[in-house]
Amino acid sequence: MKSIISNLNNIDNNHLAGVALGLWFILNISTLILNKYIYSSLYFYYPITLTAVHMFVCWIGSVVVLRVYKLIPLIAVQWSGKQFINIMVLSILFCSNIVFGNVSLRWVPVSFMQTVKSSVPLFTVILTSLFFSNVGGKKTTFTRGTYLSMIPIVGGVCVASLSEVNFNQAGFIAALISSILSAVFAIVSGLILTQQMNAVNLLYYMSPISCALLFPLGAFMEWSAIVNEWPLYGESKPIIILFLSGLIAFLLNTFTFLVIKLTSPLTYTVSGNLKVVLSISISILVFKNETNFFNVLGCAIAIMGVVCYSNIKYEESKAKLEQQQQQSLKQLESIYEEKLEKETLLSK
């Protein structure tokens, strides 16, 4: 393993970034396709158990990466009562988001689910404006462009929903709840995490708590039905596929960390938008979902809104970074001038 790591260190960063980005795309799409396959072809209709298996594999994987082979630096957390509660809150939001996403995949096509999930920026703006606009003494505001970018997102999701051939109310509501939880998780994690965490470190702390929450819930709600239907699945096939799905989910989080580390924020933003388009297109080809003109149009409009929102957020973060750099430069100049004045006085 160490020889592999040393060989990776010798590879040009641009080549490594390209490989990481390519694998990130493959893992993103594979996660959605395989989870949908578990429902549509394996007929395993148990989202809580599926999510619990994902969390267990992610827990083992994060321990291997962070503690056994130390491929990524472990960010130590100063545990306290408040910190434990914070991690617990994030874990509940995280696993609930995945459960509802899996529930949605049970009832609606991947393409429609991804279109509805495009509404995450909309809920982020709404929830921040209503409940988190003045937290911690900081006033959070959005530009006119941000609000305008919400129009195509809302319009696109509405058009896609009204024209969806395979529309299912339960799947639609589950996808909406998953979008809301994604937005809440992003907002809350930014507010309560006292340390900057990457995806793998977050998994390391959240996945064991998620397992502790999901396995008892799955045992209560789903395991009796799974035991009764197990002979229909075969002896080992479902176990292999479930754990493979969990492994792909963990690798996706690992490569998310690598892509963010090796590429620019603009590359990651553009790649995220392209990933949605590819996921929708490939899922239609694989599962042969029935679509119509308005369905495709609504999907395209929603994605266009997400692209506009992502571009605006990128420009805002870029401008903020430049402002911080200028302030730091001014502080250094001020310190240098003070030091120079003191040296001049001492020399007299």
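Hydrophobic cluster membership differs between I280 and V120, with clusters built from Ile, Leu, Val, Met, Phe, Trp and Tyr side chains linked at under 4.5 angstrom. Hydrophobic clustering of Ile, Leu, Val, Met, Phe, Trp and Tyr side chains at less than 4.5 Å, counting indirect connections, unites V184 with Y309. The cluster map of Ile, Leu, Val, Met, Phe, Trp and Tyr, joined by side-chain heavy atoms under 4.5 Å apart, puts I151 and I301 in different clusters. Following chains of ILVMFWY side-chain contacts shorter than 4.5 Å, one can reach L258 starting from L247, so the two form part of one hydrophobic cluster. Grouping the Ile, Leu, Val, Met, Phe, Trp and Tyr side chains by contacts below 4.5 angstrom, directly or via other members, places L202 with L191.
Residue F56 places its CZ atom among 12 or fewer non-hydrogen atoms of other residues, nucleotides or ligands, all under 6.0 Å distant. For F294, the CZ atom counts as loosely surrounded, since its 6.0 Å shell holds 12 or fewer non-hydrogen atoms of other residues, nucleotides or ligands. Counting non-hydrogen atoms of other residues, nucleotides and ligands closer than 6.0 Å to CZ of F100 gives a total of 12 or fewer.
S163 contributes a side-chain N or O that, together with a main-chain N or O of N295, makes up a donor-acceptor pair within less than 3.5 Å. No donor-acceptor pair closer than 3.5 Å links the side chain of E290 to the backbone N or O of V165. Checking side-chain atoms of N201 against main-chain N and O of I75 turns up a donor-acceptor pair under 3.5 Å. Not one N or O on the side chain of S245 forms a donor-acceptor pair closer than 3.5 Å with the backbone of I241. When atom types are taken as modelled, the side chain of T143 and the backbone of T146 share a donor-acceptor pair closer than 3.5 angstrom. Here the side chain of S149 pairs no donor or acceptor atom with the backbone of C308 at under 3.5 angstrom. Looking only at distances, no side-chain donor or acceptor of S104 sits under 3.5 Å from a matching main-chain atom of A174.
Judged purely by distance below 3.5 Å, without hydrogens or angles, the side chains of E229 and Y46 pair a donor atom with an acceptor atom. Side-chain contact annotation: S271 with W24, donor-acceptor N/O pair under 3.5 Å absent.
Taking CD1 from I60 and OG from S62, the interatomic distance works out to 8.0 Å, rounded to the nearest 0.5 Å. The distance from atom OG1 of T115 to atom CD1 of I153, rounded to the nearest 0.5 Å, is 12.0 Å. Atom-to-atom distance recorded for I98:CD1 and L181:CG is 10.5 Å, nearest 0.5 angstrom. Interatomic distance, S91 OG to F185 CZ, rounded to the nearest 0.5 Å: 8.0 Å. Atoms CD1 and OG, from I303 and S310 in turn, are 11.0 Å apart once rounded to the nearest 0.5 Å. Rounding to the nearest 0.5 angstrom, the gap separating the CE atom in M88 from the OH atom in Y205 is 16.0 Å.
Here the side chains of I48 and V103 are not in contact, with every heavy-atom distance at 4.5 Å or above. With contacts defined as side-chain heavy-atom distances shorter than 4.5 Å, the pair L32/M113 qualifies. Looking at heavy atoms from C-beta onward, M197 lies in side-chain contact with V77 at the 4.5 angstrom threshold. Counting only heavy atoms from C-beta outward, the side chains of T49 and F44 approach each other to under 4.5 Å. Taking the side chain as every heavy atom from C-beta outward, Y39 and N102 approach each other to under 4.5 Å. Between Y204 and V200 there is no side-chain heavy-atom pair separated by less than 4.5 Å. Taking the side chain as every heavy atom from C-beta outward, F250 and V65 approach each other to under 4.5 Å. You'll find the side chain of S182 stays beyond 4.5 Å of the side chain of F123, heavy atoms only.
Between F255 and L27 the shortest heavy-atom distance is CD1-CD1, 3.5 Å. When every heavy atom of F287 is checked against every heavy atom of S40, the shortest pair comes out as CE2-OG, 3.7 Å. Taking all atoms of both residues into account, the shortest heavy-atom contact from M55 to C211 is C-SG, 3.5 Å. Heavy atoms only, all atoms of each residue included: G171 and V108 are closest at CA-CG1, 3.8 Å. Closest non-hydrogen pair, I33 versus S283, comes out as CD1-CA, 3.8 Å. Of all heavy-atom pairs between S118 and V276, the closest is OG-CG1, 4.4 Å.
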Check: Which is it for E316 and I312 under the side-chain contact (heavy atoms from CB on, under 4.5 Å) test, yes or no, and what are the steps along the way?
Finding: CA-CA 6 Å; E316 287 178 357; I312 289 168; 3.6 Å; yes
Checklist line | V125 vs Y147, side-chain contact (heavy atoms from CB on, under 4.5 Å): CA-CA, chis, key distance, verdict | finding: CA-CA 8 Å; V125 171; Y147 287 116; 3.7 Å; yes
Next item on the list: Carefully, step by step, assess N273 and V277 under the rule side-chain contact (heavy atoms from CB on, under 4.5 Å).
Entry: CA-CA 7 Å; N273 296 325; V277 177; over 6 Å; no
Next item on the list: For V99 and L214, run side-chain contact (heavy atoms from CB on, under 4.5 Å): C-alpha distance rounded to whole Å, both residues' side-chain angles, the deciding distance at 0.1 Å, then the answer.
Entry: CA-CA 9 Å; V99 167; L214 290 171; 3.9 Å; yes
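Using cut-offs of 30° and 60° on the angle between ring planes, the pair F215 and W223 is perpendicular.
For the side-chain contact (heavy atoms from CB on, under 4.5 Å) test with L252, the passing option among I26, T31, I29, L23 is T31; the others fail. Test S179, S178, S279 against K117 for side chain to side chain donor-acceptor pair (under 3.5 Å) and you get one pass: S178.
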